[in-house]
Amino acid sequence: MNLFAHFQTAARNELSVMMATGELPPGLDLSRVTAEPPRDATHGDVTTNAAMVVAKAAAMAPKVLAEILAKRLARQPDVLSADVAGPGFINLRLEDTFWPKILDAILAKGDHYGRSELGKGIKSNVEYVSANPTGPLHVGHCRGAVFGDALAELLKVTGYEVSKEYYINDAGAQVDTVARSAFLRYQEALGTDIDEIPSGLYPGEYLIPVGQALAAEHGKVLLTVTEEQWLPIVRNKAIAMMMDLIKNDLASLKIHQDVFFSEKSLHDSGEVRDTVADLREHGHVFEGRLPPPKGELPEGWEDREQTLFRATEFGDDIDRPLLKSDGSYTYFASDVAYTRNKIQRGFKELIYVLGADHGGYVKRLEAVASAIAGPRKVDVIVRLCQLVRLFRNGEPVRMSKRSGEFVTLREVVDEVGADVVRFMMLYRKNEAPLDFDFAKVTEQSKDNAVFYVQYAHARVCSVLRNGAELGRAPVNHDFLLLVDEAERLVVRRLAEYPKMLEGAALAHEPHRISFYLYELASDFHSLWNKGKESPQLRFIVKDDIIITDTRLAFLRAIRYVLSNGLRILGVNPVEEM
RNA sequence: GCACCCGUAGCUCAGAUGGAUAGAGCGCUGCCCUCCGAAGGCAGAGGCCAGGGGUUCGAAUCCCUUCGGGUGCGCCA
């Protein structure tokens, strides 16, 4: 039960009735009417802006309308009182008998508490990571990987039908370079002294096993054929092994995507060709010249006519080339084909999780989707993740990509654990830069948000264990006994959970879950410590069976919310620290 | 030159799609364990929401503009 959704509907219904009876003019826009938790708990339990947002169109003073509406809302079930405050807020105070219903609902729904049908089964495609298959993932990939994964999970629990996808760039020049690099490792495996890896090729040792595998499979045969002949063989092997490497890296972060989509397959199937033909048919393609970029001219710029997608017609800054000067398709062309493929598979929402350095892509992705989708409506949602700055005891960790000395994703996960990495990557808004300090994230103190939330969960579990040892079980309970303000604060927080999830899903901001969990943990720790001063507030109260059982049931509800939230983030809730 | 992102307490950051007196953590000051896990909690100090205009009942939030920081800008992927 989402009480805010409930009272939002109630307020809208009352306004509709008033329109029907002529108390209000007909046809008022009620879409901006909301019901929310009040900023200040002393204001009540639920607050609505209903009177303020329709007052103008109704030609009434907000406070006057608020008074009338408040009287009507006060008659709603579970409402104790409805007061007008400030410029026209209506603050609802709920009956004491209402809160037990929330807790009962949480216990009844358990692992499913918070789920909703918000997405109405809309098919949503979430593409993330999509790193080139040229080597293992490094820390830079971490954030987008975790963000995309958590976002996908969030959308799932809020009623979207989600496909998690990875686009493999296995068609361009880069994978040929990987193949040539692997070929050297192949020669090396056969005993040739390869000396240093020439610049321009990948020096990484992760290609050594590829060379060995090729040697084992093909012996010396590949040495006797032309590059034209060995390249595809070596390339296929290298890509397959790099993808295995990458999938293992992702698995270490508990990421398992549904679809790994090959760019090459789009060429092989003719979809790239067909896509360009489609665009041409709809008049979105033309032969023309691009103006040179302002500022510094790129190396080797030559003004020439080329085949362009009319992206500017769809809001992009510049038209985009589909063919290279040698007549082959650009990366962009296969990207368009992939978009078309997604739309043909029925996705209504295309979500892209990209690094912040890809900010320039947003407009073209939107342009492509609207050109391909035509009258069908497809939403393009791009989320950019800012970079992660690594620190070790406050000192920045230096990385140089040129020398191949980058910190891999695997190293980070192995050192601090997947749960810590996942939580920390989500403890910032995606477009804000993030500092990741190896020392801090493993610290066992409240400075460390992961720990703080986990600690709350562990404490809950601890009391539940103690209760069980005493032979108590949260079966017979009377939630009306939970009257202390600290308890009510926690209950209210639990009640906010479904609304928070919906808001996070609509805004595509999984970090809201982390912050919510931190707040819930804080409310809980606070309640816990209150039990130190007032023994009657402890969860287990000797000689009072009913209050003990009630609080154990309460703890169970808290535990569900903590663990449900953590699970969406992909963090395992721990029972003991 | 153009486009996008960011600018909130000394520091690191939230701010639920425009709501009431802008919130946390760190740091600082002072408190709380015979007792369910003190690996915690309570209280205090700390703000021109970068600056300036605008929109309206109401702006950190939306629009314009200036300043400051980041990213990107044909035939690479």
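Here the structure is a predicted model, which means the values were calculated and not measured.
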Query raised in the report: Which part of the nucleic acid, if any, lies within contact of A/Y518, taking any heavy atom under 4.0 Å across all strands shown: a base, the sugar-phosphate backbone alone, or nothing?
Result: sugar-phosphate
Query raised in the report: Which part of the nucleic acid, if any, lies within contact of A/A356, taking any heavy atom under 4.0 Å across all strands shown: a base, the sugar-phosphate backbone alone, or nothing?
Result: sugar-phosphate
Report task. Name the nucleic acid region contacted by A/N91, choosing base, sugar-phosphate or nothing; use a 4.0 angstrom heavy-atom cut-off, strictly under. Result -> base
Query raised in the report: Counting any heavy atom closer than 4.0 Å, what does A/F332 reach on the DNA or RNA strands: base, sugar-phosphate only, or nothing?
Result: nothing
Report summary line: A/Y455 has its side chain closest, among B/A14, B/C36, B/G40, to B/G40
Report task. Answer with base, sugar-phosphate or nothing: what part of the nucleic acid does A/S462 contact at a heavy-atom distance below 4.0 Å? Result -> base
Query raised in the report: Is any side-chain N or O of A/K429 closer than 4.0 Å to OP1 or OP2 of B/G15?
Result: yes
Query raised in the report: Quick one: is the NZ or CZ of A/R364 closer than 6.0 Å to the six-membered ring centre of A/Y361, and within 45° of its axis?
Result: yes
**Report entry** A/R459 side-chain N/O to B/A38 phosphate OP1/OP2 under 4.0 Å
**Finding:** yes
Report task. Determine the contact category for A/A55: base if any of its heavy atoms lies under 4.0 Å from a base atom, sugar-phosphate if only primed atoms, P, OP1 or OP2 are that close, otherwise nothing. Result -> nothing
Requested in this report: Name the closest nucleotide to the A/T47 side chain, picking from B/A20, B/A14, B/C36.
Outcome: B/A20
Query raised in the report: Is B/U17 in the syn range, within 90° of 0, or in the anti range?
Result: syn
Requested in this report: Ignoring the backbone of A/H511, work out which of B/U12, B/G15, B/A20 is nearest its side chain.
Outcome: B/G15
Report task. Compare the minimum distances between each of B/G15, B/A77, B/A14 and the side chain of A/E509, then state the nucleotide with the smallest one. Result -> B/G15
Report summary line: Per atom distances to the A/H525 side chain, the nearest of B/C76, B/C4, B/G40 is B/G40
Please enumerate all protein N or O atoms sitting under 3.5 Å from an N or O of nucleotides 16-19 of chain B, with distances to 0.1 Å.
unit_1, atom_1, unit_2, atom_2, d
B/U17, OP2, A/E36, OE2, 3.2

Query raised in the report: Do we count A/H43 as stacking onto B/A20 if the rule is ring centres under 5.5 Å and planes under 30°?
Result: yes
Query raised in the report: What nucleotide among B/G37, B/C76, B/A3 has an atom nearest to a side-chain atom of A/M577?
Result: B/G37
Requested in this report: Can you figure out which of B/C75, B/A14, B/G41 approaches the side chain of A/T330 most closely?
Outcome: B/C75
Query raised in the report: Base, sugar-phosphate, or nothing: which does A/Q306 touch, judged by heavy atoms less than 4.0 Å apart?
Result: base
Query - Atom P, compared across B/G1 and B/G68: separation rounded to whole Å - result: 11 Å
